Amino acid sequence: MRTRLRTTAPAAFAALAAAALLAGCATAAGAAGGEPELGPVEVNPPTAALALPMDAYTDTEAESIRMGQVQQRLLARCMARYGFAYEGLKSAEPAGGRGAEDRHRNLFGAADLAYAAAYGYDPNAGAGTRAKPAAPELTDSAYAVMNGEPRGAAGGRAPDAMNEEEAAGVDSGLTAGGAKVPAGGCGREAYRKLYAPTKDSVDLLFTFGLAGEAHDRSKNDSRVLAVLEKWSACMGRSGYSGIKTPYDVIEELGLQGDQGGPKAVNAAKADVACKQEVNLVGIWAAVERAYQERLAEEHAQTLALYKAQREARFRLAAEVA
């Protein structure tokens, strides 16, 4: 298959005009609750610069690692109450090698030309390696306190609780040092204290669910379907015909076994060039943002509670550190 890269410079004016048209159009369907109206449509924005509504409710990589460390400290404190010294798992450091964090790097498939030229579709290249910390060895009694059940017991059958308020009324059936072991063991207690202290605690994955729902809706939006059609046509002219969406490239081209090889690099370069030619990232990001904004309005009360609880987690983290 002969591949060629189309120049994107002449297309910049067309992309700019299309972005202005999309930003200026207020459709009747959007006003009626169909497809939402769009705010500003940027031209080929880098994914690292994208700011979506749900970003305000999700932890960065560094914050996630910090919360993991706090959870381990809470676990160690719980184990100490029963006379067990527990150092906890050593949290990994943020992966290096890519510069600033880009939480939306792969949201629309390959989008960075330099990365595509260097690594193709390999999602882990250039990220550095992160060794998985080894779990500490536990005696049988320490294991029971940690997990809320004896070693070798059928997992998932021990008494547990969804939150700390509920846990106060749940009997684990285990004691250690003359004291009741918390429901689910110290492992679950540490989690509940950090992420589910009260009965009204919002599920940790709630905002991820909203972001996923917005993305699913955006896939069927007429403006996204239109830009995908243009992108697919561009890919066909570049030698990659029959590919409907950026999520199909790897499978359609049989790159599963070598996502960073020369064939993958050539395809990824064409992929990104075509995205830039039709302003796929700019248009799709604007549509995605609009759906997230709509969902944020629909779930404003729950999101406000989630935000307050997230801020409380950070306060607890400062106290535990």
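Since we're looking at a predicted model, the values are computed, not measured.
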Inset, instruction - Answer whether the closest heavy-atom distance between the side chains of L138 and V145 falls below 4.5 Å. - result: no

Inset, instruction - List the steps and the verdict of salt bridge (Lys or Arg N to Asp or Glu O under 4.0 Å) for R217 and D221. - result: CA-CA 7 Å; R217 291 185 185 184; D221 186 279; over 6 Å; no

Inset, instruction - Using a 4.5 Å cut-off on heavy atoms from C-beta on, say whether the side chain of E293 contacts that of P36. - result: no

Please tabulate, for the side chains in residues 313-321, all donor-acceptor contacts under 3.5 angstrom to protein atoms that are two or more places apart in sequence or on a different chain.
none

Inset, instruction - Report yes or no: do L38 and V227 belong to one cluster of Ile/Leu/Val/Met/Phe/Trp/Tyr joined by side chain heavy-atom distances under 4.5 Å? - result: yes

Inset, instruction - Could you tell me which non-hydrogen atom of P182 sits nearest to which non-hydrogen atom of Y82, and how far apart they are? - result: CD-OH, 3.1 Å

Legend entry - Side chain proximity check, L280 to L228, heavy atoms < 4.5 angstrom: yes

Inset, instruction - Starting at CG of L253, measure out to CG of D248 and round the result to the nearest 0.5 Å. - result: 10.0 Å

Inset, instruction - Ignoring hydrogens and angles, state whether a donor on the side chain of R103 or T58 is under 3.5 Å from an acceptor on the partner side chain. - result: yes

Inset, instruction - May I ask you to test the I243-W231 pair for a side-chain heavy-atom distance under 4.5 Å? - result: yes

Legend entry - Flag, side chain of K269 to backbone of L113, donor-acceptor distance under 3.5 Å: no

Inset, instruction - Can you tell me which residue pairs pass the salt bridge (charged side-chain N to carboxylate O under 4.0 Å, His left out) test with a partner in residues 251-265, sequence neighbours excluded? - result: none

Inset, instruction - For residues P123 and Q259, report the shortest heavy-atom separation together with the two atoms involved. - result: CD-OE1, 3.7 Å

Inset, instruction - Output every pair passing disulfide bond (SG atoms under 2.5 Å apart) with a member in residues 282-321, not counting sequence neighbours, ordered by first then second residue. - result: none

Inset, instruction - May I ask you to test the P197-R192 pair for a side-chain heavy-atom distance under 4.5 Å? - result: no

Legend entry - Rounded distance (nearest 0.5 Å) linking atom NZ of K193 with atom CG of L75: 11.0 Å

Inset, instruction - Return the set of residues passing ring-ring contact (aromatic ring centres under 6.0 Å, His included) with W284 (not counting sequence neighbours), or none when no residue passes. - result: F108, H215, Y247

Legend entry - Salt-bridge present (E189, R81; N to O < 4.0 Å): yes

Legend entry - Proximity of H299 and F206 rings by center, below 6.0 Å: yes

Inset, instruction - Test D102 against T47 for side chain to side chain donor-acceptor pair (under 3.5 Å), laying out the working first. - result: CA-CA 7 Å; D102 183 355; T47 54; 2.6 Å; yes

Inset, instruction - Check Q71 against A190 and note the closest heavy-atom contact, atom names and distance. - result: O-CB, 3.6 Å

Inset, instruction - Taking ring-ring contact (aromatic ring centres under 6.0 Å, His included) as the test, write out the residues that go with H104, two or more places apart. - result: none

Inset, instruction - Compare all side-chain heavy atoms of E277 with those of R237 and state whether any distance is below 4.5 angstrom. - result: yes

Legend entry - From Q72 atom CD to R77 atom CZ, the distance as rounded to the nearest 0.5 Å: 13.0 Å

Inset, instruction - Find out if a path of hydrophobic residues (ILVMFWY) with successive side-chain heavy-atom gaps under 4.5 Å connects Y86 to L74. - result: no

Legend entry - Closest non-hydrogen atom pair, A183 against A161: CB-N, 4.4 Å

Inset, instruction - Examine distances only and state if a side-chain atom of S172 and a backbone atom of G148 form a donor-acceptor pair shorter than 3.5 Å. - result: no

Inset, instruction - Any chance you could measure L210, atom CG, to M54, atom CE, to the nearest 0.5 Å? - result: 5.0 Å

Legend entry - Any residue meeting ring-ring contact (aromatic ring centres under 6.0 Å, His included) with Y195, in chain and number order, not counting sequence neighbours: Y191

Legend entry - E137 CD: over 12 foreign heavy atoms closer than 6.0 Å: no

Inset, instruction - Establish whether L107 and V249 are linked, either directly or via other cluster members, by ILVMFWY side-chain heavy-atom contacts under 4.5 Å. - result: yes

Inset, instruction - Give a yes or no answer on whether the side chain of Y115 reaches the backbone of A125 with a donor-acceptor pair at less than 3.5 Å. - result: yes

Inset, instruction - For residues 160-218, pull every pair meeting disulfide bond (SG atoms under 2.5 Å apart), keeping only residues two or more places apart or in separate chains. - result: C78-C186

Legend entry - Side-chain donor or acceptor of D55 paired with backbone N/O of L52 under 3.5 Å: yes

Legend entry - Greater than 12 external heavy atoms within 6.0 Å of E298's CD: yes

Inset, instruction - Please confirm whether the backbone N or O of G109 pairs with a side-chain atom of N106, one donor and one acceptor, at under 3.5 Å? - result: no

Legend entry - Considering all heavy atoms, the nearest D271-Y121 contact: OD2-OH, 2.9 Å

Legend entry - Beyond-backbone contact of N279 with P45, side-chain heavy atoms, under 4.5 angstrom: yes

Inset, instruction - Could you tell me whether the side chains of Y119 and N124 share a donor-acceptor contact shorter than 3.5 Å? - result: no

Inset, instruction - With sequence neighbours excluded, give me every salt bridge (charged side-chain N to carboxylate O under 4.0 Å, His left out) pair touching residues 300-310. - result: D59-R310, E63-R310

Legend entry - Validation row: V202, T302 side chains within 4.5 angstrom (heavy atoms): yes

Legend entry - Pairs where residues 291-321 contributes a residue and the test disulfide bond (SG atoms under 2.5 Å apart) is met, not counting sequence neighbours: none

Legend entry - Qualifying salt bridge (charged side-chain N to carboxylate O under 4.0 Å, His left out) pairs with a residue from residues 170-188, counting only residues at least two apart or across chains: D160-R188, D171-K180

Inset, instruction - Might you point out which heavy atoms bring M235 and A267 nearest each other, and give the distance in Å? - result: CE-O, 4.4 Å

Inset, instruction - Nearest 0.5 Å please: distance from the OG atom of S218 over to the CD1 atom of I283. - result: 12.5 Å

Inset, instruction - Can you tell me which residue pairs pass the disulfide bond (SG atoms under 2.5 Å apart) test with a partner in residues 279-321, sequence neighbours excluded? - result: none

Legend entry - Co-membership, hydrophobic cluster, residues I65 and Y57, 4.5 Å side-chain: no

Inset, instruction - Check which hydrophobic residues are tied to L205 through side-chain heavy-atom contacts below 4.5 Å, counting indirect links as well, and list them. - result: F208

Legend entry - Salt-bridge criterion met for E164 and K199 (N-O under 4.0 Å): no

Inset, instruction - Calculate, to the nearest 0.5 Å, the distance between atoms CD and CG belonging to Q309 and L194 respectively. - result: 11.5 Å

Legend entry - In one Ile/Leu/Val/Met/Phe/Trp/Tyr side-chain cluster, 4.5 Å: V287, L295: no

